[in-house]
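Given the structure is predicted, the values throughout are model-derived calculations rather than measurements.
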Amino acid sequence: MKNKKKGMSITGKQRAASWMYLAPATILIFIMSFWPIIQAVITSFKTGSSANMQWANPFAYNYTRMFQDAVFKRSIGNTFLYLT
């Protein structure tokens, strides 16, 4: 009768340890990078001053106003001019 060891193999332990080392860095990258991006997108759909922000009505009001602005259109044109 063979005695098999129960538990993880050495390779399994190494993989688990590597994930344990990567997890804190991954969480910090998410918090420091992606969370501000998500918050900026949410804020872009709101209107008002910082102390009194409310959802824009209609929802995409800031974007429709932005695309109707002549200065914004000119800045996009200049950006693509310098880009090429």
Side-chain angles (χ1 to χ4, degrees):
M1 193 160 116
K2 283 187 171 180
N3 287 336
K4 277 195 157 184
K5 292 183 182 179
K6 293 184 179 181
M8 284 198 281
S9 65
I10 292 176
T11 309
K13 289 179 183 178
Q14 288 175 344
R15 287 182 182 162
S18 64
W19 281 112
M20 288 178 62
Y21 284 115
L22 286 174
T26 305
I27 292 168
L28 282 175
I29 288 171
F30 177 77
I31 291 171
M32 298 297 199
S33 299
F34 298 118
W35 185 249
I37 293 170
I38 293 167
Q39 286 296 106
V41 170
I42 291 171
T43 304
S44 73
F45 289 106
K46 294 183 177 184
T47 185
S49 64
S50 60
N52 191 19
M53 299 214 46
Q54 297 176 351
W55 291 103
N57 190 12
F59 192 64
Y61 171 73
N62 291 333
Y63 288 100
T64 56
R65 193 178 71 177
M66 179 178 66
F67 286 116
Q68 291 172 353
D69 188 19
V71 175
F72 176 76
K73 289 178 184 177
R74 188 174 200 182
S75 67
I76 293 294
N78 291 340
T79 300
F80 283 114
L81 178 69
Y82 285 113
L83 185 66
T84 57

Heavy atoms of other groups near Leu28 CG, more than 12 under 6.0 Å: yes
same_hphob_cluster(Met66, Tyr61) at 4.5 Å side-chain heavy-atom cutoff: no
Check: Phe45 ring centroid to Tyr63 ring centroid under 6.0 Å: yes
Minimum side-chain heavy-atom gap Arg74-Val71 below 4.5 Å: no
In one Ile/Leu/Val/Met/Phe/Trp/Tyr side-chain cluster, 4.5 Å: Ile31, Tyr21: no
Residues which pass side-chain contact (heavy atoms from CB on, under 4.5 Å) with Ser33, listed by chain and number, not counting sequence neighbours: Ile29
Validation row: Ile27, Phe30 side chains within 4.5 angstrom (heavy atoms): no
Atom pair OG (Ser9) and CZ (Arg15), whose distance is rounded to the nearest 0.5 Å: 7.5 Å
Connected via hydrophobic side-chain network under 4.5 Å: Phe59 and Val41: yes
Contact summary for Thr47 and Ala56, nearest pair of heavy atoms: CG2-CA, 4.0 Å
Ring geometry between Phe67 and Phe72 (parallel below 30°, tilted from 30 to 60°, perpendicular above 60°): perpendicular
Same apolar cluster: Ile10 and Trp19, side chain cutoff 4.5 Å: no
Lys46, NZ atom: more than 12 neighbouring heavy atoms under 6.0 Å: yes
